[in-house]
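Reviewing the structure listed below.
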Amino acid sequence: MMKRIPLICLTLLVMALHAMAQSAEIQYLSGTGSDDTVNWQFSVPPAVMPVNGRRSPCPPAGNYKALVNMTTGSQKIVSVEKSAVCINIVFRYLLHGKEKSEHRFEGVMTDATVKVNGVSAGPTHRGAFYAFKYDISALLQYGSSKNLLEVTVAKHSANESVNAAERRADFWLFGGIFRPVLLEALPQQHIEMLKVNAGADGVLHADMQLNTSSATQITMQLYDKDLHKVGGLQTTPVHGASLQLKAKYEGLRLWSAESPTLYTAEFSLRDNNKVIHTIRQRVGFRTITLKQRDGIYVNGVQMKFKGVNRHSFRPESGRTTSRTISIEDVLLIKEMNMNAVRMSHYPPDGHFLDVCDSLGLYVMDELAGWHGNYDTETGTGLVKEMITHDVNHPSVIMWANGNEGGHNKALDHLFPELDPQQRPVVHPWQLFNGIETQHYREYNYGIANYENGKEIVMPTEFLHGQFDGGHGAGLEDYWKRCGTIH
């Protein structure tokens, strides 16, 4: 069955990063969230379970009027869930010229096969909660209004380890495209990737991957919240595709959940005096230290993490959220005197981490998994996508490799290798890396371990009515005695 819905709009966002610089331009083919939607054309399987009374298979990012099959991880995956859904978008490429053009997807459940103008954009992407992209520079018809994007979404993955980690996990399942879809145009020579490490000592390290043939230098200027310059212009010569830049600043205000001070670092790729590409990155100066048999320190202060597990989910819009929802959630968490939040059980929308940065929450960012885990080849790619997407957020102070037995230990080495900040890594529900995260322990055992044990005690889930021996009655006692994420 084909259902045709006209594409009602394209949202063009031009990111003016510097008046004199060539900068990235972004064109949304979806809306930006549940409060900013567009309609798409898609084909529908013969039968689906509607969420809100409408039969449709695959919600465009932000279009929560068309939510799809809703099942829990404990339910059997039936044949209709394995059906592929094809989404067709006809669009005019509104960005300037024939620079490098990338097609980005912020989240698709579960397998996404992408074509542009009838030609494959690249390998099928498998994994629901991870941003991925394709270079489609050679596939676009520039100036034409007839560019065609075709996305085939298979809700049930062809990779059984992906199904084990995601579709049989302990959360609601919504197949389809649930986060934004966009095009990004970059200058031919550009900064390909940036990772920052801004420490409590005022030293900012920046690791960059460059795509350039003629650039001679990279410059960096730091700004405060009022866009006043902080320190002088830092300059580093370009010699090849990789570059490291280091600068020391005095008198900075540090980032913490209690005082989330942010600065903006502006990086410019230059050919002598000509700016080729500029990007801006928000940074928070802070240092995370794990001291075995002692605790986790932020800027030299031992922390008690009191927080909540948070899903990227709303009853009205399913997995499609918005910046407004992120602000509401973070404010609610802070109003309840919490300082921490765990991403259960997958990486969140980027805007949620933006809000945690600016309003102040400590975040445990988590790779998906639950009793099953990604195989090593697939998981390696997804860990890289997660860290690349989230690495520069000062709010992210820990990584979690899966949940409740969904840990592929062969992936553990990737976190310190890919993260210049060397954040601690945990295995929720296990004792790992000196951190005891056991779930749903009885109060007496848990507190005895906390006060008399040798390991750091941080149960990443606790007070389950079935398992804790008190049907949740000990919350106040736990709250007073134990630093934890609930």
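Numbering of residues begins at 1 and proceeds along the displayed sequence.
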task: Could I get the full list of salt bridge (charged side-chain N to carboxylate O under 4.0 Å, His left out) partners for Glu192, not counting sequence neighbours?
output: Lys100
task: Starting from the C-alpha separation in whole Å, work towards a yes-or-no answer on side chain to side chain contact (heavy atoms under 4.5 Å, CB included) for Tyr362 and Cys356.
output: CA-CA 7 Å; Tyr362 298 122; Cys356 290; over 6 Å; no
- prompt: How far apart are the closest heavy atoms of His125 and Gly127, and which atoms are they?
  reply: CE1-O, 3.2 Å
message: For the CZ atom of Arg167 and the CG atom of Leu173, what is their distance to the nearest 0.5 Å?
response: 5.0 Å
- prompt: Are a donor atom and an acceptor atom from the side chains of Thr320 and Ser34 found within less than 3.5 Å of each other?
  reply: no
message: Determine whether a donor-acceptor pair (N or O, by modelled atom type, separation under 3.5 Å) exists between the side chain of Lys229 and the backbone of Gln221.
response: no
query: So Arg310 and Ser312, side chain to side chain contact (heavy atoms under 4.5 Å, CB included) or not? Walk me through it.
result: CA-CA 7 Å; Arg310 188 256 187 187; Ser312 300; 3.4 Å; yes
task: Could you pull out the closest heavy-atom pair between Trp255 and Asn299, with the gap in Å?
output: O-ND2, 3.0 Å
task: Would you please say whether a donor-acceptor pair under 3.5 Å links the side chains of Thr278 and Ser268?
output: yes
- prompt: Do the side chain of Asn339 and the main chain of Lys306 share a donor and acceptor less than 3.5 angstrom apart?
  reply: yes
field: Pair Val391-Arg423, side chain to side chain contact (heavy atoms under 4.5 Å, CB included): steps then yes or no
entry: CA-CA 10 Å; Val391 68; Arg423 298 167 175 94; 3.8 Å; yes
- request: Identify the two heavy atoms, one from Ile435 and one from Val426, that lie closest to each other, and give their separation to 0.1 Å.
  value: CD1-CG1, 3.6 Å
query: How many angstroms lie between CD in Glu436 and CE in Met458, if you round to the nearest 0.5 Å?
result: 10.5 Å
field: Pairwise ring pair (Phe, Tyr, Trp, His ring centres under 6.0 Å) hits with a residue in residues 316-351, at least two apart
entry: Phe129-Tyr346, Phe171-Tyr346, His311-His345, His311-Tyr346
- prompt: Is there side-chain contact between Leu254 and Ser259, with at least one heavy-atom pair below 4.5 Å?
  reply: no
- line: Between Glu99 and Pro187 the two heavy atoms that sit nearest each other are CG-CA, 3.7 Å
message: What verdict does the side chain to side chain contact (heavy atoms under 4.5 Å, CB included) test give for Leu29 and Leu182, after you've listed the backbone C-alpha separation in whole Å, the side-chain angles of each residue and the deciding distance to 0.1 Å?
response: CA-CA 5 Å; Leu29 300 185; Leu182 52 98; over 6 Å; no
query: Under the side-chain hydrogen bond (donor to acceptor under 3.5 Å, both in side chains) rule, what pairs show up with a residue in residues 193-209, not counting sequence neighbours?
result: Gln209-Ser242
task: First locate atom OH of Tyr374, then atom OG of Ser157, and finally report the distance between them rounded to the nearest 0.5 Å.
output: 9.5 Å
- prompt: Do Asp135 and Ser137 get their side chains close enough for a donor-acceptor pair, meaning under 3.5 Å?
  reply: yes
- prompt: Taking the side chain as C-beta and beyond, is there a heavy-atom pair between Val238 and Thr216 under 4.5 Å?
  reply: no
query: Do the charged groups of Arg323 and Asp354 touch, with an N to O distance under 4.0 Å?
result: yes
- line: By salt bridge (charged side-chain N to carboxylate O under 4.0 Å, His left out), Asp412 pairs with (sequence neighbours left out) none
- prompt: Closest heavy-atom contact between Ala24 and His277?
  reply: N-NE2, 4.3 Å
query: If only atom types and distance count, is the side chain of Asn401 paired as donor or acceptor with the main-chain N or O of His407 below 3.5 Å?
result: no
- request: Under the side chain to side chain donor-acceptor pair (under 3.5 Å) rule, collect the residues that match up with Asp357, sequence neighbours excluded.
  value: His393, Ser395
task: Any salt bridge (Lys or Arg N to Asp or Glu O under 4.0 Å) involving residues 381-393? Give me the pairs, sequence neighbours left out, ordered by first then second residue.
output: none
query: Could you give the distance from OG1 (Thr289) to CD (Gln422), rounded to the nearest 0.5 Å?
result: 11.5 Å
message: Restricting to side chain to side chain contact (heavy atoms under 4.5 Å, CB included), what partner residues turn up for Glu106, sequence neighbours left out?
response: Arg104, Ala131, Arg179, Pro180, His389
message: Check whether Gln234 reaches the backbone of Thr236 with its side chain - one donor and one acceptor, N or O, closer than 3.5 Å.
response: no
message: With a sphere of 6.0 Å drawn around CD of Glu377, does it hold more than 12 non-hydrogen atoms of other residues, nucleotides or ligands?
response: no
message: Closer than 3.5 angstrom, by distance alone: can the side chain of Glu366 be matched with the main-chain N or O of Asn403 as a donor-acceptor pair?
response: no
field: Test salt bridge (charged side-chain N to carboxylate O under 4.0 Å, His left out) applied to Glu328 - qualifying residues, sequence neighbours left out
entry: Arg314
message: Between Asn159 and Ser161 (side chain of the first, backbone of the second, donor and acceptor by atom type, cut-off under 3.5 Å), is there such a pair?
response: yes
message: Could you report the tightest heavy-atom contact between Ala169 and Ala165, atom names first, then the distance?
response: CB-O, 3.5 Å
- prompt: Short question: side chain of Gln27, backbone of Leu94 - any donor-acceptor pair under 3.5 Å?
  reply: yes
message: Contact between Tyr249 and Tyr263 at the side-chain level, heavy atoms closer than 4.5 Å - yes or no?
response: no
- prompt: From Leu245 CG over to Gln217 CD, what is the distance, rounded to the nearest 0.5 angstrom?
  reply: 11.0 Å
- request: Indicate the ring-plane relationship of His371 and Trp429, choosing parallel, tilted or perpendicular according to the 30° and 60° boundaries.
  value: perpendicular
Residue list, salt bridge (charged side-chain N to carboxylate O under 4.0 Å, His left out) with Lys115, at least two apart or on another chain: none
query: Are any side-chain N or O atoms of Asn392 and backbone N or O atoms of Val196, one a donor and one an acceptor, separated by less than 3.5 Å?
result: yes
query: Does some side-chain heavy atom of Tyr134 sit less than 4.5 Å from a side-chain heavy atom of Leu139?
result: no
- prompt: ring pair (Phe, Tyr, Trp, His ring centres under 6.0 Å) with Phe313: which of Phe178, Phe174, Phe352?
  reply: Phe174
field: Exceeds 12 heavy-atom contacts within 6.0 angstrom, atom NZ of Lys248
entry: yes
message: Donor-acceptor pair, distance only, cut-off 3.5 Å: does the side chain of Asn408 make one with the backbone of Ala410?
response: yes
- request: Could you list the residues that satisfy side chain to side chain donor-acceptor pair (under 3.5 Å) with His103, not counting sequence neighbours?
  value: none
task: Report the distance from atom CG of Leu233 to atom CG of Leu222, rounding to the nearest 0.5 Å.
output: 11.5 Å
- request: List in chain and number order the residues that pass side chain to side chain donor-acceptor pair (under 3.5 Å) with Thr219, two or more places apart in sequence or in another chain; answer none if no residue qualifies.
  value: Arg270
task: Using modelled atom types only, decide if a donor and an acceptor are shared between the side chain of Asp224 and the backbone of His228 within a distance under 3.5 Å.
output: yes
message: Among residues at least two apart in sequence or on other chains, which ones pass side chain to side chain donor-acceptor pair (under 3.5 Å) with Asp294?
response: Tyr297, Gln302
